[in-house]
Amino acid sequence: MKLSRRTILQGAASLPFAVASFQMEALAQTSLTAGSSEVPPILFVHGNGDYDALWITTLWRMESNGIARDRMMAINFTNPRARDDDAVEQPNRSSTEEQRRELAAAIAELKRRTGAARVALVGNSRGGNSIRNVIKNGGAGDVSHAVLCGTPNHGVFALDALLGSEFNGRGAFLRGLNEGESEVTPGVAFLTLRSDGMDKYAQPDGRFMGKPGVPTNVTAEGPELKGATNLVLGTIDHRETAYHPRAFREIYKFIAGREPARIAITPERTVHIGGLVTGAADGAPTNRPVAGATVEIYHVDRESGERKGELVYRLTTGADGRWGPAEVDPASPLEIVLTSPDAPITHFYRSPFPRSSNVVHLRAARPFLPEEKDAGAVVIMSRPRGYFGLPRDTVLLDGREPADVTPGVPTDATATLRLPASEVGRNIVAQFNEERIVARAWPASENRIAVAELTY
């Protein structure tokens with residue numbers, strides 16, 4: 001039986017909240033001092049093919065409400081993409097059991113680091129599968145709260161075909177998790193967050209899995225669980241169920257037992273960033289470190305995207321793939337140049353970083369496509385923490401709505417602009433609601449791709 005179900009907000013304009021003034025910084029650091037010990041350590045779990053950097057804005061919002069940085073952790077699964085058949089070995093992909101073991105080890109590490117008896121787990125999409133798996137199979141005593149954001153708890157589809165898929169509601173994995181009158185493990189508080197019809201992995205029609213007109217036997221209610229607190233956040237997309245400010249409010253409130261003092265990210269006076277360089281193998285993204293990659297950072301002009309001043313930072317990664325810390329101006333946009341082996345030189349253009357982070361991970365842009373062989377420049381607009389929804393959002397690349405963004409249910413996290421050689425070097429504006437990034441078009445002939453990477 002459901003404990004509760006309510007719609008939090010309607011509409012889905014994904015607006016980055018205004019950053020608070022520096023005068024609020026001291027207040028943010030002291031606002032929860034008296035009660036912060038009541039909040040268990042929190043471990044964040046990313047989804048299929050993703051990495052821990054997606055939680056950066058959530059971590060900043062938690063810190064802005066007084067949660068200490070060292071009481072939070074985000075896991076980086078070695079091979080984040082699921083196998084086609086969970087029981088069949090597949091290079092550079094992971095089984096549900098491999099994910100369970102990695103998550104159990106991360107829980108043990110966070111408990112050791114903090115001295116806590118139990119931790120809270122927050123997962124997006126496939127990350128929720130791993131959370132449920134670890135709790136059901138011996139980990140319940142280590143976990144106080146489980147927050148599942150857009151997790152396909154009853155499958156992306158529920159069919160008699162593809163029964164080996166982790167995402168088949170009729171397959172052995174999900175049937176095992178969902179067996180019994182209650183679908184949650186006793187002793188752990190469960191919360192599910194879902195969209196009201198805009199999650200591409202909770203759709204009744206199979207067109208989002210390449211089978212239009214075929215019923216999936218899954219609905220928008222698929223992420224809900226019997227025995228959990230089930231909340232509907234409105235018409236947000238699959239990733240926004242975890243990374244949107246609305247999701248943050250519910251995650252924080254459920255774990256802390258009170259409303260957050262603020263939703264906006266409180267800036268720091270001094271900002272240091274760093275992270276991990278990762279790559280892909282046989283077309284599958286991995287979170288294994290890349291050695292011999294060079295990271296360069298420049299401050300850039302907000303309006304032109306042109307570099308300002310001297311090189312801020314430069315490092316070539318060692319075996320651990322790590323770079324940083326680099327001190328950056330919290331008021332300045334950045335250009336981060338990644339020169340990684342066997343990949344295009346990638347010029348990432350980023351909004352100013354309001355707070356420090358060690359999960360500013362870098363993965364080189366995908367290789368040039370056959371249709372780009374004659375392009376003078378390629379500019380990609382990327383939104384890792386959500387999708388582009390038309391007409392829900394304002395989405396403009398070089399002053400136009402991108403032709404490769406499908407209207408309706410948000411399904412696309414990137415848009416691509418290809419320019420002739422005559423336009424190399426000019427600035428390109430990427431606009432998503434209130435976040436605006438100006439990139440430069442670099443010559444494809446030099447094996448360079450520009451990426452305007454949105455933070456919000």
Side-chain angles (χ1 to χ4, degrees), residues 1-17 47-48 54 57-58 61 122-129 132 146-158 167 169 174 178 183-184 190-209 212 215-254 259-260 263 383-395 405-413 432-433 456:
M1 181 177 68
K2 296 175 185 170
L3 298 180
S4 66
R5 177 182 169 191
R6 57 192 173 93
T7 298
I8 306 302
L9 291 170
Q10 299 300 320
S14 301
L15 303 179
F17 281 72
N48 194 41
L54 297 193
T57 54
T58 306
R61 296 183 202 281
V122 181
N124 175 233
S125 192
R126 188 192 185 201
N129 284 354
R132 295 184 68 198
V147 183
L148 313 176
C149 310
T151 296
N153 288 311
H154 296 93
V156 176
F157 54 90
F167 305 113
L174 286 179
N178 294 330
E183 295 176 328
V184 302
F190 276 81
L191 169 68
T192 73
L193 300 179
R194 73 166 177 90
S195 170
D196 189 12
M198 297 293 270
D199 184 335
K200 71 175 182 175
Y201 295 119
Q203 295 293 324
D205 187 89
R207 67 188 177 97
F208 299 106
M209 50 181 283
T216 63
N217 301 309
V218 172
T219 69
E221 297 181 357
E224 296 187 357
L225 287 173
K226 291 181 290 185
T229 299
N230 298 298
L231 302 184
V232 183
L233 296 181
T235 51
I236 63 176
D237 66 48
H238 178 67
R239 285 184 175 170
E240 288 174 341
T241 59
Y243 309 119
H244 195 281
R246 295 174 190 168
F248 164 75
R249 178 200 173 198
E250 298 304 329
I251 293 166
Y252 179 90
K253 188 167 63 170
F254 186 73
E259 289 281 356
I263 302 297
R383 186 178 180 227
R385 292 164 193 87
Y387 297 91
F388 300 125
L390 293 175
R392 183 193 69 171
D393 302 313
T394 297
V395 185
V405 172
T406 305
V409 174
T411 59
D412 304 302
F432 174 75
N433 292 335
Y456 302 98

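Taking the side chain as every heavy atom from C-beta outward, Thr216 and Gln203 never approach each other to under 4.5 Å. Between Val122 and Cys149, the closest side-chain pair of non-hydrogen atoms falls below 4.5 Å. For the pair Thr241 and Thr151, the minimum side-chain heavy-atom distance is 4.5 Å or more. Residues Phe432 and Val395 are in side-chain contact: their nearest non-hydrogen atoms beyond the backbone lie under 4.5 Å apart. Considering only heavy atoms from C-beta on, Phe208 stays 4.5 Å or farther from Val156 through its side chain. Glu224 is listed as a side-chain neighbour of Val232, based on a closest heavy-atom distance under 4.5 Å.
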* To do: Evaluate the side-chain contact (heavy atoms from CB on, under 4.5 Å) criterion for residues Asn433 and Tyr456: first the C-alpha distance (whole Å), next the side-chain angles of each, then the deciding distance (0.1 Å), finally the verdict.
  => CA-CA 9 Å; Asn433 292 335; Tyr456 302 98; over 6 Å; no
* To do: Show your reasoning for whether side-chain contact (heavy atoms from CB on, under 4.5 Å) applies to Thr58 and Tyr243.
  => CA-CA 6 Å; Thr58 306; Tyr243 309 119; 4.3 Å; yes
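When each of Arg392, Lys200, Arg383, Glu240 is paired with Pro410, the side-chain contact (heavy atoms from CB on, under 4.5 Å) condition holds for Arg392 and for no other. Between Asn153 and the choices Glu183, Arg132, Lys226, the side-chain hydrogen bond (donor to acceptor under 3.5 Å, both in side chains) rule is met once, by Arg132. Asp199 pairs with exactly one of Arg239, His238, Arg194 by the side-chain hydrogen bond (donor to acceptor under 3.5 Å, both in side chains) rule, that one being His238.
Leu148 CG to Thr192 OG1: the interatomic distance, rounded to the nearest 0.5 Å, is 7.0 Å. The structure places CZ of Arg207 at 8.0 Å from OG1 of Thr411, a figure rounded to the nearest 0.5 Å.
Taking all atoms of both residues into account, the shortest heavy-atom contact from Ala220 to Gly197 is CB-N, 3.9 Å. The heavy-atom pair separating Phe388 from Asp393 by the smallest distance is C-OD2, 3.9 Å. Annotation for Leu174 and Phe167: closest pair CD1-C, 4.1 Å, computed over non-hydrogen atoms. Smallest separation of non-hydrogen atoms from Ile236 and Arg246: CG2-NH1, 3.8 Å. Closest of all the heavy-atom pairs between Leu225 and His154 is CD2-CE1, 4.2 Å. Nearest approach of Leu193 to Ala247, heavy atoms of both residues: CD1-O, 4.1 Å.
Arg385 meets the salt bridge (charged side-chain N to carboxylate O under 4.0 Å, His left out) test with no other residue; sequence neighbours excluded. Partners of Phe254 according to the ring pair (Phe, Tyr, Trp, His ring centres under 6.0 Å) rule, which considers only residues two or more places apart in sequence or in another chain, are His145.
Around OH of Tyr201, the count of heavy atoms belonging to other residues, nucleotides or ligands within 6.0 Å does not exceed 12.
With hydrogens and angles ignored, the 3.5 Å screen pairs a side-chain donor or acceptor of Asp412 with a backbone N or O of Thr406.
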